[in-house]
Each structure stands twice: as structure tokens, then as C-alpha cells.
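Notes for the one structure printed next.
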Amino acid sequence: MAKLVLFGTQKMAQIAHFHFTHDSPHEVVAFTVDRSHLSEERFLGLPVVPFEDVQDVYPPGEYKLFIAVGYTKLNSTRADRYIQAKAKGYKLVSYLCSRASHWGDTKIGENCFILENQVIQPFVSIGDNVVLWSGNHFGHDVVIGDHVWVSSHVVVSGDVEIGERSFIGVNVTIGDGVKIGRECIIGAGALMMTDAEDREVYVPRSTEKYRLDSHRFEMMMEMARRQK
């Protein structure tokens with residue numbers, strides 16, 4: 001068990017605090033943020049200290065760190081704080097939900113946050129500082145680069161590679177052997193059957209609004225039922 005300091009005081013930090021508290025051997029003892037964002041001395045009943053001074057109050061020889069930051073600026077904010085925490089000498093812990101399904105051979109880097117209902121097949125490799133939100137499928141031999149964010153209900157087929165700092169939206173499907181480059185954005189609902197080069201963006205067209213409102217639509221459906 002480690003005494004753990006979480007970087008952040010926003011929603012991601014609250015969620016991380018919940019999971020580490022209820023489903024890990026670690027004890028969250030404090031939070032830290034950049035001094036310029038320090039607006040409160042306590043969060044969730046625990047002290048908040050400036051990140052610039054965290055090593056003096058919670059030295060890396062006695063405490064570990066977790067960077068609880070979202071995917072803003074294409075994961076670069078979380079990546080920067082991860083690198084800075086390493087430079088301060090901290091070991092960063094990962095969270096793997098007890099309700100995730102895997103074979104025990106999954107390679108998982110530091111500062112990963114892997115939520116419930118994952119299906120992780122054999123020979124999967126997950127880099128550092130990766131977030132896998134709930135309910136995803138990862139086929140055999142998938143390689144996920146550092147600082148990646150994968151949203152919920154994503155299907156990743158076998159032999160797929162996802163490049164560093166990429167963002168994968170909700171309900172994305174990635175076919176067998178597809179390679180997603182670095183810093184890509186794959187929007188919600190995309191079907192990726194061919195490779196994506198570095199920094200490419202794929203945004204499927206949204207469902208169009210129907211021409212009738214809900215009342216008129218229901219009237220039309222009722223008329224159709226009567227005609228049968």
C-alpha cells in the first residue's frame with residue numbers, strides 16, 4: 001500500500017479519489033495543483049498543496065503520485081504534469097479496476113487509469129499515463145502508446161496500434177491491424193478500417209434532426225398504424 005497524492009481538484013481527481021479509495025490498496029492523503037490554480041486549501045476533506053512545493057511536504061521517498069487530469073489539449077496537460085512529477089523523483093501508480101477482465105499478462109505502464117468492464121485479450125501492451133474509460137474491448141496484441149485517452153464502448157480489434165497522445169471517442173470501432181498515428185483524434189462513432197497518419201482527425205457526420213417535432217412525429221406514426 002502506498003500513501004498517495006493526487007494531482008488535480010476537478011472531476012477527474014474526484015473520480016480517481018473514489019476508485020483509489022474503494023478499489024485499491026492505496027491511501028489518498030492529499031491533493032496538489034499548480035500554485036496558479038490553488039483556490040482552496042482542502043478538497044474532499046484532504047489538504048491541497050502547490051505542485052511547486054509538493055516534494056517538500058510529501059517527499060517522493062515516502063509518497064507516490066497520480067496525475068488525475070483529463071484529455072485537454074490533446075492529453076498534453078496530463079503528459080506535461082506526468083513528466084514534471086517524474087522529474088521530481090516520484091513513482092506514479094496505476095489503477096486497474098478489479099472489475100476489468102484480463103489474463104494477467106497485460107503490460108501496463110505508470111499512471112494509467114483503467115476502469116470497469118474492460119475486455120483485454122492476451123498480449124496487450126499499455127503505455128504510460130493512459131486512460132481507458134469503462135466498457136471497452138481490446139483484441140490480442142494491441143499496443144497503446146503513452147498519454148492516450150480511450151473513451152467508453154470502444155472496440156479495438158487485434159494487432160492494432162494507437163499512437164502517443166491520441167484521443168479515441170465513444171463507440172469507435174478499429175479494425176484488425178489498423179495503425180492510429182500520434183496525436184490523432186478519432187471522433188465518437190467512427191469506423192476505422194484503414195491506417196490514420198499522425199495528427200489526423202476523423203469526425204463522423206452527426207445524425208440529422210428530423211423534419212417533424214415529437215408530437216407531429218407521433219401523430220404520423222399513429223396514422224400509419226391505423227392504416228395497417
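The analysis underlying the following values was restricted to heavy atoms, covering all of them including side chains, and did not include hydrogens, waters or symmetry mates.
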[X], [atom1] atom: more than 12 neighbouring heavy atoms under 6.0 Å:
| X | atom1 | result |
| --- | --- | --- |
| M1 | CE | yes |
| R225 | CZ | yes |
| F123 | CZ | no |
| E222 | CD | yes |
| K73 | NZ | no |

Between R99 and D23, is there a side-chain N and carboxylate O pair less than 4.0 Å apart?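 No, no charged N to carboxylate O under 4.0 Å.
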Go through the structure and list residues passing side-chain contact (heavy atoms from CB on, under 4.5 Å) with E62, not counting sequence neighbours.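 Result, side-chain contact (heavy atoms from CB on, under 4.5 Å) vs E62: P59.
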Residues that I108 engages under side-chain contact (heavy atoms from CB on, under 4.5 Å), provided they are two or more places apart: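 By the side-chain contact (heavy atoms from CB on, under 4.5 Å) rule, I108 matches S94, L96, T106, C112, I114, I126.
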Could you check whether any side-chain heavy atom of [X] comes within less than 4.5 Å of a side-chain heavy atom of [Y], counting everything from C-beta outward?
| X | Y | answer |
| --- | --- | --- |
| I180 | D195 | no |
| L6 | H17 | yes |
| L44 | F31 | yes |
| T194 | V178 | no |
| L212 | M220 | yes |
| L4 | F20 | yes |
| I186 | F167 | no |

At their closest point, which heavy atom of [X] faces which heavy atom of [Y], and how far apart are they?
| X | Y | answer |
| --- | --- | --- |
| E197 | C184 | O-SG, 3.0 Å |
| P60 | G89 | CB-O, 3.4 Å |
| M12 | V131 | CE-CG2, 4.2 Å |
| S151 | W133 | C-CB, 3.9 Å |
| A68 | A13 | CB-CA, 3.6 Å |

With a 3.5 Å distance limit and no angle check, can you tell me whether [X] reaches the backbone of [Y] through a side-chain donor-acceptor pair?
| X | Y | value |
| --- | --- | --- |
| D128 | G109 | no |
| S134 | E116 | no |
| S157 | I174 | yes |
| D53 | D56 | no |
| D176 | G158 | yes |
| N136 | V154 | yes |
| R78 | N129 | yes |
| D146 | G127 | no |
| Q118 | L132 | yes |
| E52 | R35 | yes |

Other hydrophobic cluster members with [X], side-chain heavy atoms of Ile/Leu/Val/Met/Phe/Trp/Tyr under 4.5 Å, chained?
| X | result |
| --- | --- |
| M193 | L191 |
| V119 | none |
| M219 | none |
| L65 | V5, F7, V29, V49, F51, V54, V57, Y58, Y63, I67, V69, Y82, I83, Y90, L92 |

Set of side-chain hydrogen bond (donor to acceptor under 3.5 Å, both in side chains) partners for Y71, sequence neighbours left out: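 Here no residue qualifies.
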Qualifying residues under side-chain hydrogen bond (donor to acceptor under 3.5 Å, both in side chains), relative to S206, sequence neighbours excluded: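 side-chain hydrogen bond (donor to acceptor under 3.5 Å, both in side chains) check on S206 returns nothing, list empty.
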Between H19 and Y95 (judged by ring centroids, cut-off 6.0 Å), do the two rings come close enough to count as a pair?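 Between H19 and Y95, the centre distance is under 6.0 Å.
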Mind checking the [atom1]-[atom2] spacing from [X] to [Y]? Nearest 0.5 Å is all I need.
| X | Y | atom1 | atom2 | value |
| --- | --- | --- | --- | --- |
| K209 | T207 | NZ | OG1 | 13.5 Å |
| M223 | E218 | CE | CD | 12.5 Å |
| H137 | T173 | NE2 | OG1 | 10.0 Å |

Is there a path of hydrophobic side-chain contacts, each under 4.5 Å between heavy atoms of I, L, V, M, F, W or Y residues, that connects [X] with [Y]?
| X | Y | value |
| --- | --- | --- |
| M192 | V142 | yes |
| V170 | L115 | no |
| W149 | I185 | yes |

Whether F113 and F66 hold their rings parallel, tilted or perpendicular, with breakpoints at 30° and 60°: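 Plane angle between 30° and 60°, so tilted.
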Apply side chain to side chain contact (heavy atoms under 4.5 Å, CB included) to residues I162 and V143 and explain how you reach the verdict. CA-CA 6 Å; I162 301 176; V143 177; over 6 Å; no
Could you please spell out the steps behind the side-chain hydrogen bond (donor to acceptor under 3.5 Å, both in side chains) verdict for Y202 and E200? CA-CA 7 Å; Y202 293 81; E200 289 188 337; 2.7 Å; yes
Among all residues two or more places apart in sequence or in another chain, which pass the ring-ring contact (aromatic ring centres under 6.0 Å, His included) test with H215?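 Applying ring-ring contact (aromatic ring centres under 6.0 Å, His included) to H215 gives none.
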Give me each pair satisfying side-chain hydrogen bond (donor to acceptor under 3.5 Å, both in side chains) with a member in [range], each pair once, sequence neighbours excluded.
| range | result |
| --- | --- |
| residues 158-168 | E164-R182 |
| residues 2-11 | K11-Q14 |
| residues 25-34 | D34-R81 |

